[in-house]
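Note that the structure is a prediction, hence the values are computed from the model and not measured.
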Amino acid sequence: MKSFKIFIIILFVTFFAKSSISQCVTSISPTSFSMPGQGGTYGIYVGANACRWYFSPGYSWVHPSTTSEYGTASVTFTIDLNPNATARIASINIEGKILTINQAVYTPPTPIISTPVDYCGYSIISWGTPRPPTGITWYWQTSSNGTSMANSNVDSTVYSSGTYYLRACTSAGIWSTSCASKVVNLKAVPSSFAVSGSATRCSTGAASIITLSGSQSGVNYQLKNGTMLIGSPKSGNGSAITWSVTDAGTYQVEATSTSTGCIATMLGNAIIEVEYPVTGIGTITGLTTVCAGSNGITYSLPVIANATGYSWTLPTGASIASGNNTNSITVRYSSIATSGNITVKGTNSCGDGPLSANFPVTVVQILSSPGAITGSATVCQGQDGVSYTIPAITNATSYVWELPPGASFISSNSTNYIVLLYSSSAQSGDIFVQGANSCGSTSPASFAVTVNPKPSAPTGSINGLTSVCPGQTGVIYSVPAIPYATGYSWTLPSGATITAGNNTRTITVSYSASASSGNITVCGTNNCYNGPVSASYAVLVNGPISAVGTITGTPLACPGESNLAYTVPLIGNATGYDWTLPSGATITAGANTNNITVKMGSSNGNITVKGTNTCYAGAVSPSYGVSLKPNISSAGTISGPATVCQGQGGQVYTATIPNATSYLWELPTGASFLSSNNTSTVALLYSANAVSGGIYVQGQNSCGMGPPATLSVTVNPPYTCCRFHNRCISCLLWPKRRNL
């Protein structure tokens with residue numbers, strides 16, 4: 001059968017040559033035709049050679065290569081006629097004249113089945129040739145009009161007699177109108193029956209029986225041991241069939257139909273094993289000491305000849321966890337297992353072999369939970385001979401103790417009773433103990449121990465009032481926390497008592513009317529020790545202020561003078577000194593003490609002082625008068641010659657300055673003193689090179705120096721030229737001759 005995926009329609013259109021388009025055909029015949037789904041060959045005659053051809057879209061044209069052509073007398077073109085498509089219409093336009101082509105729905109042809117191949121119990125049917133074209137699939141059916149798509153295999157295996165069909169279908173779902181069919185007649189195969197009788201027999205015992213559960217008439221049944229035939233075939237009679245055997249092997253039964261010759265192997269087989277009496281014995285190996293409650297303990301012995309099983313006996317409370325009936329077992333010992341013997345013997349279908357020698361096993365019992373530790377819960381660093389005990393732990397053979405840091409044993413450390421030494425650096429912690437034996441140890445019991453160290457020295461000073469009054473109450477003193485101290489021991493001055501906070505680091509103190517000055521100290525304490533004592537903290541219990549002594553110091557001062565010292569003898573019971581000064585004077589150092597440094601103001605006045613403390617104020621001292629020295633007055637006018645000659649001597653100058661005790665003169669360059677230079681009057685010599693300049697003078701006394709006075713002096717050379725007579729004369733004479 002010839003099939004197509006693409007149907008080619010070749011249209012030969014021949015045109016007689018014409019000289020112009022105007023001679024193109026004016027009509028075509030026929031104007032339409034129908035085409036079956038399988039396609040075909042058609043022709044159209046037109047007498048023009050210069051017509052324009054137009055082809056409807058959706059088709060592939062071989063010639064022309066475009067959808068239109070001009071001046072062609074004949075055209076060859078291909079139309080794609082998909083056999084899986086529905087009905088289609090194509091059209092050709094020739095100068096406005098339409099040719100219509102109708103394509104019918106494609107129906108696939110009838111498939112082909114080859115001659116079946118028959119076997120016993122089944123048959124194979126196959127597709128014939130040629131095979132279906134592309135786009136067509138053949139499906140096996142159970143009826144002539146079936147539409148199942150479940151089986152599209154080339155070969156189909158069937159297991160029953162009957163008629164089988166093959167039908168074609170396109171991918172568009174169009175089925176063939178007819179189908180191929182074949183009749184199958186299968187050969188009969190003997191029915192299946194079960195083989196039983198597997199057994200293990202002793203070589204000295206009775207034969208084993210193999211049974212076939214049923215049989216068919218017309219069928220022969222042959223017993224086989226592997227490939228070896230056992231006896232002659234037995235004919236089926238509709239009942240079970242049996243055989244007696246003594247040899248070991250795997251037995252099967254093969255059935256043969258006397259009519260068809262078909263052979264079938266019956267279901268299952270019978271395995272016969274032959275055993276011989278057990279005679280050997282072995283030595284057991286494994287752990288001789290085990291723990292109650294342990295698991296996975298292995299015991300074994302060499303394989304015993306002819307033994308197919310092993311019968312073990314174990315101590316009371318022990319059981320086989322795995323390997324039962326083999327020569328190697330794992331054993332679980334319960335928590336109540338006891339010591340005892342293990343034995344074993346080989347077994348098979350012939351009976352038991354001889355019993356092995358006893359293998360003794362010691363079962364170590366489980367430890368009981370520990371009780372409570374008893375002993376001292378609070379100890380001191382350096383304490384010796386501290387004992388602890390725990391009730392005896394059942395089944396324990398030793399005890400494992402763990403101690404706090406710095407603790408050590410001074411007696412046996414492997415019993416339920418210990419004696420300890422706590423070193424000077426021992427620390428608080430827990431004591432632990434576990435009972436132990438060869439199987440392990442208990443969970444630990446614990447006992448908390450507080451180790452008290454010696455309190456440290458106070459880390460800071462005592463805080464509180466250093467000056468109090470007789471009879472004063474509610475005075476608070478405190479000290480920073482002292483490491484390792486659980487208490488605080490205070491000592492107080494005579495007449496002072498703690499009214500609150502005793503044995504703590506903050507206390508409240510009352511001073512009696514007769515209390516005395518003294519020191520406060522404190523030390524940290526705990527159950528074991530008193531720590532180092534703090535530094536003394538002096539407390540003054542103030543009494544009435546004593547009489548004041550005489551003030552000493554500078555009675556005469558300059559206005560504004562600094563660093564003037566004044567003092568008064570210490571005043572009994574005074575903790576402070578209250579000074580009064582002349583107006584404008586201030587204390588620059590030593591305020592509130594018996595020695596002060598003063599800067600004087602600008603006024604005379606008295607100095608007084610009185611002693612003070614927090615409880616009393618003393619009497620005022622006698623006044624100590626302080627007078628101010630006078631200040632230097634202005635120098636006024638210097639009297640003396642204002643014009644002198646170089647080389648002239650004996651020139652006298654005078655300045656009177658009130659309150660001055662000395663004078664400071666400053667001269668022109670080249671002038672020098674002929675008399676004292678520290679008095680109100682000085683005599684000067686002007687040297688030969690003296691120059692004009694100013695004379696200055698300042699008065700001074702112990703309070704300082706006054707403002708200066710100034711006199712300008714002209715120093716003339718020895719000779720001076722006359723203005724009118726054009727001659728020179730002596731400078732000494734010039735004053736007499738200046739009118740000449």
(request) Verify side chain to side chain contact (heavy atoms under 4.5 Å, CB included) between Gln365 and Val363, making sure each step is shown before the conclusion. (result) CA-CA 6 Å; Gln365 299 302 315; Val363 179; 3.9 Å; yes
(request) Test Thr362 against Val290 for side chain to side chain contact (heavy atoms under 4.5 Å, CB included), laying out the working first. (result) CA-CA 6 Å; Thr362 300; Val290 298; over 6 Å; no
Any donor and acceptor pair, going by atom type alone, linking the side chain of [X] with main-chain N or O of [Y] inside 3.5 Å?
{"X": "Asn395", "Y": "Ile366", "result": "yes"}
{"X": "Ser192", "Y": "Leu267", "result": "no"}
{"X": "Ser215", "Y": "Asn237", "result": "yes"}
{"X": "Ser423", "Y": "Ala426", "result": "yes"}
{"X": "Asn416", "Y": "Pro391", "result": "no"}
{"X": "Gln222", "Y": "Gly231", "result": "yes"}
{"X": "Tyr388", "Y": "Ser376", "result": "yes"}
{"X": "Ser334", "Y": "Gly293", "result": "no"}
{"X": "Thr211", "Y": "Ile241", "result": "no"}
{"X": "Ser208", "Y": "Arg201", "result": "no"}

Working to the nearest 0.5 Å, report the span between [atom1] of [X] and [atom2] of [Y].
{"X": "Asn413", "Y": "Tyr399", "atom1": "CG", "atom2": "OH", "value": "13.5 Å"}
{"X": "Thr242", "Y": "Leu212", "atom1": "OG1", "atom2": "CG", "value": "10.0 Å"}
{"X": "Ser398", "Y": "Trp401", "atom1": "OG", "atom2": "CH2", "value": "12.5 Å"}
{"X": "Lys182", "Y": "Ser126", "atom1": "NZ", "atom2": "OG", "value": "11.0 Å"}
{"X": "Tyr422", "Y": "Ser428", "atom1": "OH", "atom2": "OG", "value": "9.5 Å"}
{"X": "Ser196", "Y": "Ile210", "atom1": "OG", "atom2": "CD1", "value": "9.0 Å"}

Heavy-atom pair with the smallest gap, counting every atom of [X] and [Y]:
{"X": "Ala240", "Y": "Ser213", "answer": "CB-O, 3.7 Å"}
{"X": "Asn220", "Y": "Pro233", "answer": "CB-CB, 4.1 Å"}
{"X": "Ser443", "Y": "Pro370", "answer": "O-CG, 3.3 Å"}
{"X": "Thr246", "Y": "Ala207", "answer": "CG2-CB, 3.6 Å"}
{"X": "Cys262", "Y": "Pro190", "answer": "O-CD, 3.4 Å"}
{"X": "Ile342", "Y": "Tyr333", "answer": "CD1-OH, 4.0 Å"}

Side-chain heavy atoms of [X] within contact of [Y], under 4.5 Å:
{"X": "Leu367", "Y": "Asn437", "answer": "yes"}
{"X": "Tyr484", "Y": "Val451", "answer": "no"}
{"X": "Val379", "Y": "Val449", "answer": "yes"}
{"X": "Asp430", "Y": "Phe447", "answer": "no"}
{"X": "Ile125", "Y": "Val184", "answer": "yes"}
{"X": "Tyr139", "Y": "Arg167", "answer": "no"}
{"X": "Ile393", "Y": "Ser368", "answer": "yes"}
{"X": "Thr279", "Y": "Ile304", "answer": "no"}

Within 6.0 Å of [atom1] in [X], more than 12 heavy atoms from elsewhere:
{"X": "Leu229", "atom1": "CG", "value": "yes"}
{"X": "Tyr276", "atom1": "OH", "value": "no"}
{"X": "Phe432", "atom1": "CZ", "value": "yes"}
{"X": "Lys234", "atom1": "NZ", "value": "yes"}

(request) Tell me, with the steps shown, if Ser328 and Thr326 meet side chain to side chain donor-acceptor pair (under 3.5 Å). (result) CA-CA 5 Å; Ser328 180; Thr326 70; 5.7 Å; no
Pair [X], [Y]: side-chain N/O donor-acceptor within cut-off below 3.5 Å:
{"X": "Ser349", "Y": "Glu275", "value": "yes"}
{"X": "Asp155", "Y": "Asn153", "value": "no"}
{"X": "Ser322", "Y": "Thr330", "value": "yes"}
{"X": "Ser191", "Y": "Gln216", "value": "yes"}
{"X": "Ser176", "Y": "Ser178", "value": "no"}

(request) Take the angle between the ring planes of Tyr159 and Tyr122 and call it parallel below 30°, perpendicular above 60°, tilted in between. (result) tilted
(request) Would you sort out whether Tyr221 and Leu223 count as a side chain to side chain contact (heavy atoms under 4.5 Å, CB included), showing the intermediate values? (result) CA-CA 7 Å; Tyr221 297 90; Leu223 182 65; over 6 Å; no
(request) Please lay out, stage by stage, how Tyr299 and Phe359 fare under the test side chain to side chain contact (heavy atoms under 4.5 Å, CB included). (result) CA-CA 10 Å; Tyr299 296 95; Phe359 184 80; 3.5 Å; yes
(message) Centroid separation under 6.0 Å, is that true for the rings of Tyr251 and Trp243?
(response) no
